[in-house]
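The structure appears right after this line, and notes come after that.
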Protein chains: 2
Amino acid sequence: MRFMEQPRHPLPELAADPICAPTCTIPLQQAKQLQGRLLDIHKAQRMAEFFGLLGDANRLRILSLLAEQELCVGDLAAAVAMSESAVSHQLRTLKSIRLVQYRKQGRHVFYRLQDHHVLELYQAVAEHLDES
Amino acid sequence: MRFMEQPRHPLPELAADPICAPTCTIPLQQAKQLQGRLLDIHKAQRMAEFFGLLGDANRLRILSLLAEQELCVGDLAAAVAMSESAVSHQLRTLKSIRLVQYRKQGRHVFYRLQDHHVLELYQAVAEHLDES
DNA sequence: ATAATATATGAATATATATTCAGATGTCAA
DNA sequence: TTGACATCTGAATATATATTCATATATTAT
């Protein structure tokens, strides 16, 4: 996952004209269709960033709590048994992609879910894993 | 993301009894409910593994092609402009969590989507990013 | 058999990530 | 204003990951 920065891994260029090697096993016709279906590389990057954000157990645990109510950093940290610093860092990354919002009250900062959309993904995967 | 191995990062223990610090801002009542909502740590791991698998642009691009038809490694590599070795490695990780299946035919190995479930997630995120 | 092709694999490398630690900042209470 | 608290931040560290490269394996064609 990469966020808040541009990737440093060199992105592969899209193959120029003939998309498949000389040894290609699919007919050239199909090969051209393939390129149409192929996920655009920049969109792939953004989608990967999003999925990657959900690809961490501690972030998921944090989200599972914020799904129901807002919580301040300290309580969140206590509940998930992480250091406050670690939680703060994670909240920052969650904020960076607008999954969470915050509200300041005195010296506390209360975080809450901004994009409830993710709960559907969360549920879908949770159930999916239960099946298999 | 971690797959095919146990995580080496030490998993934080769940806080024993009083889940929140002495400075806790939420009432103890709520604190107990929190623990009920908190995603179980092992399930969190498995979900994170799954999401993490989708958290790579090249894997998404590979999946975007396999969504429609089976393809052999060489064609796949040509289409996404990656080395065959890199594609092979990625397919292995996709196989490890049973997102793809393969079928051998002569010296070719044709891969195809095993779990079409993921296409829904894929679509959901694709559309979600289009909105914002 | 031998060579050519298709794929897989392991080690090495480069990069990315999560956490910790020390300390900075901002807020409240005495 | 001093000290305690809540959160944030950046650098350092440990770990995880993707790719490449060299090589192994398996299949087909000559």
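Sequence lines set the chain letters: A, B, ... in the order given, protein chains first and strands last, and positions in each chain run from 1. None of the values given here were measured: they were computed from a predicted structure.
No side-chain heavy atom of A/Asn58 sits under 4.5 Å from any side-chain heavy atom of A/Val80. In this structure the side chain of B/Leu60 reaches within 4.5 angstrom of the side chain of A/Phe51, judged on heavy atoms. Considering only heavy atoms from C-beta on, B/Asp56 stays 4.5 Å or farther from B/Thr93 through its side chain.
Residue A/Glu84 contributes atom CD, which lies 11 Å from atom C1' of D/dC8 at whole-angstrom precision. Residue B/Leu91 contributes atom CG, which lies 11 Å from atom C1' of C/dA8 at whole-angstrom precision. We find that CD1 of A/Ile62 is positioned 13 Å from P of D/dT7, with the value rounded to whole Å. Taking atom CD of A/Gln90 as the reference point, atom P of D/dT7 lies 16 Å away to the nearest angstrom. Going from atom CG of A/Leu76 over to atom C1' of D/dT7 covers 13 Å, rounded to whole Å. Rounded to a whole Å, the CD1 atom of B/Ile41 is 15 Å from the P atom of C/dA18. If you take OH of B/Tyr102 and C1' of C/dT7, they are 11 Å apart, rounded to a whole angstrom. The distance from atom CZ of B/Arg103 to atom P of C/dA6 is 16 Å, rounded to the nearest whole Å.
Here D/dA18 is the nucleotide among C/dT9, D/dT7, D/dA18 with the atom lying nearest to any side-chain atom of B/Asp56. When distances run from any side-chain atom of A/Asn58 to the nucleotides C/dT19, D/dG10, D/dC8, the shortest one goes to C/dT19. For B/Val109, the listed nucleotide lying nearest its side chain is C/dT7; candidates were C/dT7, D/dT7, C/dT19.
Judged purely by atom type and a 3.5 angstrom limit, A/Arg59 uses its side chain to pair as donor or acceptor with the backbone of A/Leu53. Proximity of a side-chain donor or acceptor of A/Ser64 to a complementary backbone N or O of A/Arg61 within less than 3.5 Å is detected.
Applying the side chain to side chain donor-acceptor pair (under 3.5 Å) test to B/Asp40 and every residue at least two apart in sequence or in another chain returns nothing.
Of all the heavy atoms in B/Leu121 and A/Leu121, the pair that sits closest is CD2-CD2, 3.6 Å.
In this structure, B/Tyr111 reaches the sugar-phosphate backbone alone: every heavy-atom distance under 4.0 Å involves primed, P, OP1 or OP2 atoms, never a base.
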How does protein reach along nucleotides 20-30 of chain C, written 5' to 3' as B (base within reach of a heavy atom under 4.0 Å), S (only sugar-phosphate), or - (no contact)? BB-----BSS-

